[in-house]
Amino acid sequence: MQRVDPVSAYPPASSRTIEQWLDPELGSRYSAEFGTRLREIADARAGVTAMWAAFLSLGLSAVLFALVMLAVTARVDATVPWMIAGAAVAAVSVLFLRRVRRWMPRPGRSVANRGPGDLRGGLWAAAAIFVALNVLFAISVLTTGDIGPILLVDLGIVLLLASAFVVPPAIIGRSREMLRRQAAKDPRLLATLERERLTWTPRPGTPMFGPL
């Protein structure tokens, strides 16, 4: 049965191939805020990817911090549990990151982002928090004269801020480039996007299937 596209003021999904819809030159003709199904897919996938990437970073950070603490304190009982927990979180995160690669969000699905939307914003936010905290730490250093514990705390803060404020926006800020690159490398993902093109119909807020 031949598909009949609904009447719309915008080009239907069938007016171009999936490769043409993914073309960056076509995307540059539309404002970044213009809603399309491909952009909806890219943003939702990037939001979920950013979440699990943040957990992966937290897990690896826990392992790294525990190793540093072990080297400094030689306390196995206090550091090994952190290594095990961090490794477990990292392993689970990797499993979910692999599942996201071929995940196709349903129409209308969005992932809320409460933090910075790009890498620059994330770096500024992390730097501002780090500087503010170290201003407070400076008072302690002037009082005690011992900078060693502050350095360890700073290491933990840097790892935490990187996981929460740098890794997620670095992914979210390049959501569309990431989907384009993944589709070019993964034939199964490209085939999934093609099936989506063939079955998608316009919805409020997403009047066009593409561009990306």
Side-chain angles (χ1 to χ4, degrees), residues 10-61 89-123 125-126 162-212:
Y10 298 96
S14 59
S15 64
R16 289 180 173 87
T17 65
I18 186 61
E19 290 82 5
Q20 290 172 332
W21 282 124
L22 292 170
D23 185 6
E25 182 179 350
L26 179 62
S28 65
R29 301 176 191 174
Y30 295 80
S31 68
E33 293 76 24
F34 184 79
T36 71
R37 174 60 177 150
L38 282 178
R39 291 176 175 182
E40 181 182 64
I41 292 171
D43 293 344
R45 283 168 55 92
V48 175
T49 300
M51 178 185 70
W52 288 113
F55 278 116
L56 174 60
S57 180
L58 282 172
L60 296 177
S61 296
V89 171
V92 171
S93 300
V94 169
L95 292 176
F96 278 95
L97 282 171
R98 289 180 177 177
R99 292 183 61 182
V100 174
R101 289 180 182 177
R102 295 190 177 95
W103 172 63
M104 187 59 55
R106 64 181 181 272
R109 171 70 182 271
S110 62
V111 178
N113 174 33
R114 306 294 184 184
D118 55 31
L119 179 58
R120 177 179 293 182
L123 288 173
S163 300
F165 288 93
V166 178
V167 172
I171 295 173
I172 292 173
R174 298 185 59 81
S175 61
R176 297 166 188 179
E177 293 87 342
M178 184 171 64
L179 179 60
R180 187 178 290 112
R181 184 174 62 252
Q182 291 172 342
K185 294 181 178 180
D186 188 348
R188 291 178 59 181
L189 175 58
L190 186 63
T192 301
L193 292 173
E194 172 64 10
R195 288 194 297 271
E196 186 72 13
R197 182 186 72 87
L198 295 174
T199 59
W200 178 84
T201 56
R203 296 170 56 90
T206 52
M208 289 176 58
F209 177 75
L212 179 59

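For this chain, numbers begin at 1 and follow the sequence in order. Computation of the quantities below employed the complete heavy-atom set of this structure, encompassing side-chain atoms and omitting hydrogens, waters and symmetry-equivalent molecules.
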Checklist entry - Restricting to pairs with a member in residues 94-108, which pass salt bridge (charged side-chain N to carboxylate O under 4.0 Å, His left out), not counting sequence neighbours? => result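 Qualifying pairs, neighbours excluded: Arg102-Asp186.
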Item to check | Selection residues 164-185 - residue pairs positive for salt bridge (charged side-chain N to carboxylate O under 4.0 Å, His left out), sequence neighbours left out | outcome: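 Checked against salt bridge (charged side-chain N to carboxylate O under 4.0 Å, His left out) - neighbours excluded - the pairs reaching residues 164-185 are Asp43-Arg176.
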Nearest heavy atoms of [X] and [Y], plus distance in Å:
{"X": "Leu189", "Y": "Ala183", "answer": "CD2-N, 3.8 Å"}
{"X": "Val167", "Y": "Ser57", "answer": "CG2-OG, 4.0 Å"}
{"X": "Arg45", "Y": "Gln182", "answer": "NH2-OE1, 2.8 Å"}
{"X": "Leu179", "Y": "Ala42", "answer": "CD2-CB, 3.7 Å"}
{"X": "Trp21", "Y": "Pro12", "answer": "CZ2-O, 3.5 Å"}
{"X": "Val166", "Y": "Gly122", "answer": "CG2-O, 4.3 Å"}

Item to check | Point-to-point distance, once rounded to the nearest 0.5 Å, from CG of Leu97 to CH2 of Trp103 | outcome: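 One finds 12.5 Å between CG of Leu97 and CH2 of Trp103.
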Checklist entry - Between atom CE of Met178 and atom CG of Leu212, what is the distance when rounded to the nearest 0.5 Å? => result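 One finds 10.5 Å between CE of Met178 and CG of Leu212.
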Checklist entry - Can you name the residues that form a side-chain hydrogen bond (donor to acceptor under 3.5 Å, both in side chains) with Thr36, not counting sequence neighbours? => result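 Testing Thr36 for side-chain hydrogen bond (donor to acceptor under 3.5 Å, both in side chains), a comparison that skips the adjacent residues, returns none.
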Checklist entry - Given side chains that start at C-beta, do those of Val100 and Met51 come closer than 4.5 Å, heavy atoms only? => result no
Excluding sequence neighbours, so at least two apart, what forms side-chain contact (heavy atoms from CB on, under 4.5 Å) with [X]?
{"X": "Ala170", "result": "Leu119"}
{"X": "Ile18", "result": "Leu22, Leu38, Leu190, Leu193, Glu194, Arg197, Phe209"}
{"X": "Arg195", "result": "Ala191, Thr192"}
{"X": "Pro168", "result": "Ala50, Ala54"}

Item to check | Pair listing, ring-ring contact (aromatic ring centres under 6.0 Å, His included) test, anchored in residues 162-191, at least two apart | outcome: none
Checklist entry - Which residues satisfy the salt bridge (charged side-chain N to carboxylate O under 4.0 Å, His left out) test with Arg37, sequence neighbours excluded? => result Glu40, Glu196
Pairs of donor and acceptor atoms involving the side chains of residues 23-32, under 3.5 Å and at least two apart or interchain, shall be tabulated with distances.
{"residue": "Asp23", "atom": "OD1", "partner": "Glu25", "partner atom": "N", "Å": "3.2"}
{"residue": "Ser28", "atom": "OG", "partner": "Glu25", "partner atom": "O", "Å": "2.6"}
{"residue": "Ser31", "atom": "OG", "partner": "Phe34", "partner atom": "N", "Å": "3.4"}

